[in-house]
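Quick notes on the structure that follows.
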Amino acid sequence: MNESAKRQLAQTGIFTGVVLFFFLLLALFSTLGKKNWEKGLRAAVEQVLPQDEYQCGELVPIESSFSVSAACFELLKKSEPSKKYRALVLRISSYWGPLPAVFVCGEGKTEFMGAAYMKSSISRALEDEKDDRQMLYWKKIAGEIAWGAAAGSGKEAKK
């Protein structure tokens with residue numbers, strides 16, 4: 001091997017090492033930040049839910065194409081501990097732009113609870129629109145996402 005080839009090989013090796021180091025550093029920060037992201041979402045959901053009625057549990061993985069704009073948590077309803085509930089925070093489109101809407105999904109019933117991180121004026125306006133067509137659509141989608149039956153879920157993709 002001549003001197004020029006050795007120098008190019010060394011430069012390529014150093015460049016590859018630097019790029020690999022930055023990818024590993026990015027992966028480390030992503031892994032470390034996941035817990036804080038989850039804690040922040042849980043706090044946002046708990047802020048919208050009535051404190052004396054629900055207790056937020058573990059994060060549930062979403063097997064759907066909606067997983068990039070939604071997060072799902074197990075819920076314990078204090079008055080009905082035997083029934084299963086899930087809280088879903090989902091980015092929805094509305095008249096005021098995209099909102100982080102919180103839904104409580106029970107067995108066969110989905111209820112819109114409010115918008116996380118929103119000012120009270122927008123939350124009050126959303127309360128008035130709980131039964132409009134757009135919100136009924138998002139309630140249907142939220143129930144399907146929470147229980148794993150939404151379009152693009154892993155179960156349907158395997159078929």
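The number of heavy atoms from other shown groups lying within 6.0 Å of CD (Glu3) does not exceed 12.
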Exercise for review: Take Glu46 and Gln51 through the test side-chain contact (heavy atoms from CB on, under 4.5 Å) and record every step on the way to the result.
Suggested key: CA-CA 7 Å; Glu46 288 174 345; Gln51 296 293 324; 4.3 Å; yes
Point to revise | From CA spacing to verdict: salt bridge (Lys or Arg N to Asp or Glu O under 4.0 Å), Lys78, Glu53 | key: CA-CA 6 Å; Lys78 295 176 182 176; Glu53 197 173 336; over 6 Å; no
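At distances below 3.5 Å, at least one donor-acceptor pair connects side-chain atoms of Gln134 with backbone N or O atoms of Ser93. Distance alone, capped at 3.5 Å, places no donor-acceptor pair between the Trp37 side chain and the Ser30 backbone. Looking only at distances, a side-chain donor or acceptor of Thr12 sits under 3.5 Å from a matching main-chain atom of Gln8.
Between the side chains of Glu80 and Tyr85, at least one donor N or O sits under 3.5 Å from an acceptor N or O.
Residue Leu49 is not grouped with residue Leu76 when hydrophobic side chains (ILVMFWY) are merged at heavy-atom distances under 4.5 angstrom, including chains of intermediate members. Under the 4.5 Å side-chain contact rule for hydrophobic residues, Leu32 and Leu24 do not share a cluster. Connection of Ile14 to Leu9 is not established within any shared hydrophobic cluster, with ILVMFWY side chains joined at heavy-atom distances below 4.5 Å, either directly or through further cluster members. Follow the hydrophobic side-chain contacts under 4.5 Å out from Met135 and you reach Ile141 in the same cluster. One hydrophobic cluster, built from ILVMFWY side chains closer than 4.5 Å, holds both Phe29 and Phe21.
The shortest side-chain heavy-atom distance between Val60 and Arg86 falls under the 4.5 Å cut-off. The shortest side-chain heavy-atom distance between Phe73 and Glu38 falls under the 4.5 Å cut-off. Two residues are said to be in side-chain contact when any heavy atoms from C-beta on lie closer than 4.5 Å; Leu90 and Ser69 meet this criterion. Between Ile145 and Cys72 the shortest side-chain heavy-atom distance does not fall below 4.5 Å. For the pair Arg91/Pro100, no side-chain contact is recorded, criterion being any heavy-atom separation below 4.5 Å from C-beta on. In this structure, the side chains of Arg133 and Trp138 stay at 4.5 Å or more apart for every pair of heavy atoms. Within the 4.5 Å cutoff, the side chain of Cys56 has no heavy atoms near those of the Glu74 side chain.
The minimum heavy-atom distance between Ala101 and Phe112, with the atom names listed, is CB-CE1, 3.6 Å. Taking both residues in full, the closest heavy atoms of Ala142 and Thr110 are given as CB-CG2, 4.2 Å, listed atom of the first, atom of the second, then distance. Residue Met113 comes nearest to Pro50 through the heavy atom pair CE-CD, 3.6 Å, listed as atom of the first residue, atom of the second, then distance.
Note that CG of Asn2 and CZ of Arg7 are 9.5 Å apart. Values are rounded to the nearest 0.5 Å. Atom CG of Asn36 and atom CG of Leu41 lie 11.0 Å apart (nearest 0.5 Å). Atom CZ of Phe103 sits about 10.5 Å away from atom CD of Glu111, to the nearest 0.5 Å.
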